[in-house]
Q: 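I am attaching a structure below and will ask some questions about it afterwards.
Residue numbers begin at 1 in each chain, while the letters A, B, ... track the order of the sequences.
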Protein chains: 2
Amino acid sequence: MSPAVSGYTQRRANRERVIAALRRQGAMTRAALANVGLSRSTIQNVIEELAEVGMVIEIGPYTASGLGRPPVLVGLRGSLGVTVGVEIANWTIRVAVCDLAQKLLLHTSAPGDDRADPVTTLTKASALIDEALARTGFRRDQVLGAGIALPGPIQRRTGLVGRACTLKPFVGVNCAKLAREVLRLPVLVDNDANLAAVAEVTWGVAKGCRDLAYVYSATGIGVGFVVNGNLYAGANGTAGEIGHTTIDENGLVCDCGGRGCLNTLANPDAIIRNLKQSHGAGLTIADVIALAHAGDAGCRRVLADAGRHIGVAAANMYNLLDPELIVIGGSLAPAGEILIDPLCESMARRAIHAGQALPPVIAGYLGEEAVVTGAAAAVLADADAFPLRPA
Amino acid sequence: MSPAVSGYTQRRANRERVIAALRRQGAMTRAALANVGLSRSTIQNVIEELAEVGMVIEIGPYTASGLGRPPVLVGLRGSLGVTVGVEIANWTIRVAVCDLAQKLLLHTSAPGDDRADPVTTLTKASALIDEALARTGFRRDQVLGAGIALPGPIQRRTGLVGRACTLKPFVGVNCAKLAREVLRLPVLVDNDANLAAVAEVTWGVAKGCRDLAYVYSATGIGVGFVVNGNLYAGANGTAGEIGHTTIDENGLVCDCGGRGCLNTLANPDAIIRNLKQSHGAGLTIADVIALAHAGDAGCRRVLADAGRHIGVAAANMYNLLDPELIVIGGSLAPAGEILIDPLCESMARRAIHAGQALPPVIAGYLGEEAVVTGAAAAVLADADAFPLRPA
DNA sequence: TATTTATGTATAGCTTAGTTATAAATGGCG
DNA sequence: CGCCATTTATAACTAAGCTATACATAAATA
């Protein structure tokens with residue numbers, strides 16, 4: 001009687017490849033699994049082994065597949081563990097819990113303080129995680145890892161948070177190291193735009209897309225690139241700072257030290273600043289967007305102007321990178337076509353046409369949950385750094 | 001007695017992987033070959049087979065390897081075939097012939113006419129190829145394929161040359177299709193900057209580099225990206241149009257329809273234009289650079305200004321992409337630090353510092369041969385599209 | 001019922017990880 | 001200087017297991 005789960009090197013490696021594929025892409029048919037680079041025979045054997053010990057289960061037939069015998073989805077048993085996403089934004093801390101079957105179990109948030117020191121902020125996040133785990137019935141030792149999103153660039157090699165981070169107390173901090181200590185969990189730290197891009201590719205409007213530019217507006221504007229199905233973060237991990245594209249060489253001074261950066265013209269602060277005279281102080285960007293949808297001409301105008309400015313940077317990005325799809329996410333996304341139409345117009349005026357159509361520009365599906373769920377999805381996707389250990 | 005070369009599927013596939021690696025990276029040791037993803041045992045078997053039929057040969061011991069038994073380089077027998085590179089620039093047509101051992105055998109050129117129709121230009125190129133083949137002793141049927149470089153974007157799906165191509169008679173033409181007919185050879189067409197980047201990665205300053213941004217100045221300025229060892233050309237194949245980055249919204253009108261594009265400020269034409277008053281007409285960019293090296297203040301100044309403008313675009317590119325290395329190639333490269341120092345200064349002023357050092361900016365090694373040899377190297381590298389057939 | 005696609009099962013040939021042996025260099029040491 | 005330990009490359013062999021292939025079966029559609 002052979003053991004249910006063989007321990008030989010090659011078999012073990014292939015089991016891990018299958019598990020990694022199921023973590024990253026969710027339940028699949030056996031036939032689709034063969035595309036990870038293993039033969040059907042091997043997939044069959046590996047799935048058999050994993051099903052025997054209860055790590056994968058048949059989810060049920062995959063309908064809507066047209067002709068032929070309906071395939072059956074196999075997926076990881078979700079209850080084997082969870083991943084946690086944490087978004088640390090300037091005024092909010094969000095936490096998401098996600099199971100191994102790529103199901104979002106819970107999403108909570110609490111107000112944050114952008115002047116609080118990192119330990120205080122992370123301690124608050126830790127409490128939110130405990131609460132979320134209690135409500136979903138998981139223990140801390142069932143958490144594979146926590147993904148943490150910050151509004152700024154993070155240097156891959158050293159883990160230090162860059163100066164351009166809009167959450168100033170975190171600048172120069174090794175957030176991953178600190179978070180590991182405070183949260184007592186395996187941790188991953190990345191930029192908010194990068195992680196939101198992961199979420200839109202995992203669950204949202206770009207599901208399955210292999211080449212994506214995801215433009216994310218929060219306090220600043222960043223972009224997350226997915227190239228060939230994987231996040232592209234640059235040599236140092238700091239790619240994506242589209243918010244500091246120079247739009248107007250003689251414009252306002254940006255906190256990066258430059259002048260006329262996109263951030264000084266089109267981030268939510270800049271938009272609200274334009275309305276102070278006419279609409280008074282105290283507006284939030286959500287108010288502006290709501291007013292615009294209700295027909296307020298001033299609000300429509302400032303959003304359109306922001307779209308045009310973003311369009312200039314997007315055209316430069318398009319000329320350089322030729323992405324397949326551009327998704328707009330973050331606080332400006334609810335503006336929809338009020339922002340996107342002028343953006344496209346502005347981009348089209350500056351884009352080099354080789355003959356092909358410009359890439360579609362669409363709003364993300366995931367709203368404010370994009371970043372925090374992306375943080376959880378990034379943990380789910382990184383089966384190497386966050387291995388699933390049988391309890 | 002088993003056949004020297006087995007015909008079974010798996011073995012054949014692995015032979016092709018080995019051959020592809022040797023074409024792309026040149027002669028390697030058996031140990032290095034194992035890094036293509038096959039075991040040492042398989043490499044051993046495959047090389048044995050290929051050596052037996054004379055497709056690979058032991059080049060000799062690889063010296064300067066430190067401790068241990070010296071490895072022995074194995075490589076493709078160069079004389080099995082050749083690849084051809086063709087550069088169609090605005091005023092020159094260049095041809096290179098390269099053998100399967102990555103050795104450049106010959107490099108010739110002839111004047112071109114940027115108003116001639118594509119058939120005329122390609123016919124002239126065909127004659128140059130014939131002459132080059134005659135001088136190197138190869139027949140046309142020994143040519144695996146010809147790589148053709150054009151000064152503009154080429155749409156991947158349709159093969160059409162984009163409007164931004166500075167060689168106007170080629171705009172809107174399916175150059176690959178036409179060239180196949182005129183040259184009677186398998187053909188690949190790509191942008192000059194992309195192919196020069198391939199050359200610098202294959203033979204030049206970026207040899208072995210896996211992430212590179214190669215800024216190339218000819219009639220316009222373009223950039224070729226190597227990401228993870230492979231050319232990144234974008235969803236449509238038209239990435240890299242850095243020359244149309246908007247630098248001055250109110251600047252000169254560019255032939256792309258925009259205003260103040262980098263090309264209007266820093267390409268060779270623009271540089272020469274700045275010197276017309278003081279230095280008269282008839283200067284070439286090479287003259288300007290020579291005068292600058294000799295101490296001419298005006299020439300130094302306009303080159304420095306061009307460097308500063310390129311630095312603005314390079315900073316935007318750096319903020320977006322965070323490349324590991326930036327190489328300057330093309331007609332401006334001989335200016336060396338006269339151009340590069342101001343470029344770096346300008347880039348540093350606008351780049352977002354996450355904490356890491358900015359990427360090194362260096363001049364390419366390959367000079368005017370970069371593009372044409374890159375075109376040959378691209379054919380060499382694409383073992384799928386240009387298979388080596390035993391004669 | 002014919003067609004189509006997914007899955008199940010089996011096998012010959014091949015690849016892999018691992019082990020052991022041999023080859024050929026360097027560097028330290030007597 | 002020669003000798004020896006060390007280091008790295010190549011070579012040869014084996015058990016485990018992967019791949020391509022073939023064929024059978026299952027379950028849907030037209």
Q: Using a cut-off of under 3.5 Å, enumerate the N/O to N/O pairs linking the protein to nucleotides 27-29 of chain D.
A:
{"unit_1": "D:dA27", "atom_1": "N3", "unit_2": "A:Arg69", "atom_2": "N", "d": "3.3"}

Q: Using whole Å, report how far CG of B:Asn45 lies from P of D:dT14.
A: 14 Å
Q: Residues two or more places apart in sequence or in another chain: which of them pass salt bridge (Lys or Arg N to Asp or Glu O under 4.0 Å) with B:Asp322?
A: none
Q: Look at all strands and tell whether A:Asn14 reaches a base, only sugar-phosphate, or nothing, counting heavy atoms closer than 4.0 Å.
A: sugar-phosphate
Q: How close or far is atom P of C:dT9 from atom CD1 of A:Ile47, stated in whole angstroms?
A: 15 Å
Q: Under the rule for side chain to side chain donor-acceptor pair (under 3.5 Å), what residues qualify as partners of B:Glu369, not counting sequence neighbours?
A: B:His107
Q: Holding to salt bridge (Lys or Arg N to Asp or Glu O under 4.0 Å), I want the full list of residues that pass it with B:Arg156, two or more places apart in sequence or in another chain.
A: B:Asp190
Q: Check side chain to side chain donor-acceptor pair (under 3.5 Å) between A:Ser39 and all other residues, then give those that pass, not counting sequence neighbours.
A: A:Thr42
Q: If you compare every side-chain N and O of B:Gln44 against the phosphate oxygens of D:dA11 (OP1, OP2), does one of them come in below 4.0 Å?
A: yes
Q: In this structure, how many angstroms lie between the C1' atom of C:dC14 and the CD atom of B:Glu49, rounded?
A: 11 Å
Q: Is the shortest side-chain N/O distance from A:Arg11 to OP1 or OP2 of D:dA16 below 4.0 Å?
A: no
Q: Return the CZ to CG distance between A:Phe386 and A:Leu185, rounded to the nearest 0.5 Å.
A: 9.5 Å
Q: Would you please confirm or rule out a distance under 4.0 Å between OP1 or OP2 of D:dA11 and any side-chain N or O of B:Arg30?
A: yes
Q: Determine the minimum heavy-atom distance between A:Val74 and A:Leu22, stating which atoms define it.
A: O-CD2, 3.5 Å
Q: Please name all residues satisfying side chain to side chain donor-acceptor pair (under 3.5 Å) with B:Asp141, sequence neighbours left out, ordered by chain then number.
A: B:Arg139
Q: Between atom CD in A:Gln10 and atom P in D:dA15, what is the gap in whole Å?
A: 16 Å
Q: Starting at CD1 of B:Ile43 and ending at P of C:dT16, how long is that distance when rounded to a whole Å?
A: 8 Å
Q: Between C:dC14 atom P and B:Arg17 atom CZ, what is the distance in whole Å?
A: 17 Å
Q: In whole angstrom, what separates B:Glu48's CD from D:dA11's P?
A: 7 Å
Q: Quick one: side chain to side chain donor-acceptor pair (under 3.5 Å) pairs with a partner in residues 16-33 of chain B, sequence neighbours left out?
A: B:Arg24-B:Asn230, B:Arg30-B:Glu58
Q: Using a 4.0 Å cut-off on heavy atoms, which residues in residues 20-28 of chain B reach DNA chain D? List them by number, or say none.
A: none
Q: Donor-acceptor pairs are to be reported for all side-chain atoms of residues 202-210 of chain B against protein atoms at under 3.5 Å, with residues two or more places apart or in another chain.
A:
{"unit_1": "B:Thr202", "atom_1": "OG1", "unit_2": "B:Val198", "atom_2": "O", "d": "2.7"}
{"unit_1": "B:Trp203", "atom_1": "NE1", "unit_2": "B:Gln102", "atom_2": "O", "d": "2.9"}
{"unit_1": "B:Arg210", "atom_1": "NH2", "unit_2": "B:Asn228", "atom_2": "O", "d": "2.8"}

Q: Near DNA chain C, which residues from residues 33-42 of chain B have a heavy atom under 4.0 Å away?
A: B:Gly37, B:Leu38, B:Ser39, B:Arg40, B:Ser41, B:Thr42
Q: How would you list, by chain and number, every residue that makes a side chain to side chain donor-acceptor pair (under 3.5 Å) with B:Gln155, sequence neighbours excluded?
A: B:Thr158
Q: List in chain and number order the residues that pass salt bridge (Lys or Arg N to Asp or Glu O under 4.0 Å) with B:Arg140, two or more places apart in sequence or in another chain; answer none if no residue qualifies.
A: B:Asp130
